[in-house]
Amino acid sequence: MPDEAHSSSHLPILRGLSCRCPRCGKGRLFQGFLTLAPRCERCGLDYSFADAGDGPAIFVILIAGFIVGGAALWVQMLYEPPFWVHALIWGPLILITTLWPLRAMKGLLIVLQYHHKAAEGRHGGGDPP
C-alpha cells in the first residue's frame, strides 16, 4: 500500500491535470474551454483567487515548439520534402500540441496556486526598494 503522505503530494497535480476543484477534487474548474467557473459546484470554493496569467500558454508554447520544431528539422534533414508537405504535416501538429494541453496546464497552475497559497506580492511597509 502506498505511503499516504507520498500519494497526497500527487493529489494537487492530479486534480489540476483533470481540471477539478483544488479543494474537493470533485467540482469542475472550468465552465468553458478555458473560462474559469465562478465557484465549485460541489464545495462552493470561490475561484476568484485564481490567476494563471500567461503561464500555461508559455509552458505549452515552449513544449510544442520543441516538439514541432525538432520534428520539422529532423524530417527536413532526412527527407527534404517540399514546403507544402511541411505545411500539411506541421499545421495540424501545431494545433494538437498547443490546444490539447492548454486546458490541463491552466488547471494545473491554478490548483498549484491554491495548494501553495500563492498570491501577488505585497509591500510590507518601510521604505520602497
For Ala87 and Pro92, the nearest pair of non-hydrogen atoms, with its separation, is O-CD, 4.0 Å

Ring pair (Phe, Tyr, Trp, His ring centres under 6.0 Å) pairs, two or more places apart, involving residues 18-47 | none

Only residue of Ile89, Leu93, Ile63, Ile96 satisfying side-chain contact (heavy atoms from CB on, under 4.5 Å) with Val68 is Leu93

Remaining members of the apolar cluster that contains Leu73, side-chain heavy atoms under 4.5 Å | none

When clusters are formed by joining ILVMFWY residues with side-chain heavy atoms under 4.5 Å apart, either directly or through shared neighbours, do Leu78 and Leu88 land in the same one?
-> yes

Sequence neighbours excluded, the answer for side-chain contact (heavy atoms from CB on, under 4.5 Å) partners of Pro101 is Val60

Going only through I, L, V, M, F, W and Y residues with side-chain contacts under 4.5 Å, is there a path from Leu109 to Leu36?
-> no

Set of residues satisfying side-chain contact (heavy atoms from CB on, under 4.5 Å) with respect to Glu41, sequence neighbours excluded = Arg28

Shortest non-hydrogen contact from Gly27 to Cys24?
-> N-SG, 3.6 Å

Just jot down the side chain to side chain donor-acceptor pair (under 3.5 Å) partners of Ser48, sequence neighbours excluded, or say none.
-> Asp46

Taking the hydrophobic residues Ile, Leu, Val, Met, Phe, Trp and Tyr, and joining any pair whose side-chain heavy atoms are under 4.5 Å apart, which ones share a cluster with Leu62?
-> Ile58

Any pair counted as salt bridge (Lys or Arg N to Asp or Glu O under 4.0 Å), so long as it reaches residues 77-106, sequence neighbours left out | none

Nearest heavy-atom contact between Thr97 and Ala64 is OG1-CB, 3.4 Å

Linking I/L/V/M/F/W/Y whenever their side-chain heavy atoms sit closer than 4.5 Å, directly or via other members, would Leu102 and Leu29 fall into one cluster?
-> no

Side chains of Gln113 and Pro22: closer than 4.5 Å at any heavy-atom pair?
-> no

With distance as the sole test, does Arg15 use its side chain to make a donor-acceptor pair with the main-chain N or O of Arg20 at under 3.5 Å?
-> no

Return yes if some donor-acceptor pair links the side-chain N/O of Thr35 with the main-chain N/O of Gln31 below 3.5 Å, else return no.
-> no

Considering only heavy atoms from C-beta outward, does the side chain of Leu108 approach that of Leu112 to under 4.5 Å?
-> yes

With the 4.5 Å side-chain cut-off for hydrophobic clustering, are Met105 and Leu34 part of the same group?
-> yes

Under the ring pair (Phe, Tyr, Trp, His ring centres under 6.0 Å) rule, what pairs show up with a residue in residues 51-75, not counting sequence neighbours?
-> none

Which residues satisfy the side-chain contact (heavy atoms from CB on, under 4.5 Å) test with Arg23, sequence neighbours excluded?
-> Cys21, Cys43, Leu45, Tyr114

Check side-chain contact (heavy atoms from CB on, under 4.5 Å) between Val75 and all other residues, then give those that pass, not counting sequence neighbours.
-> Tyr79, Pro81, His86, Trp90

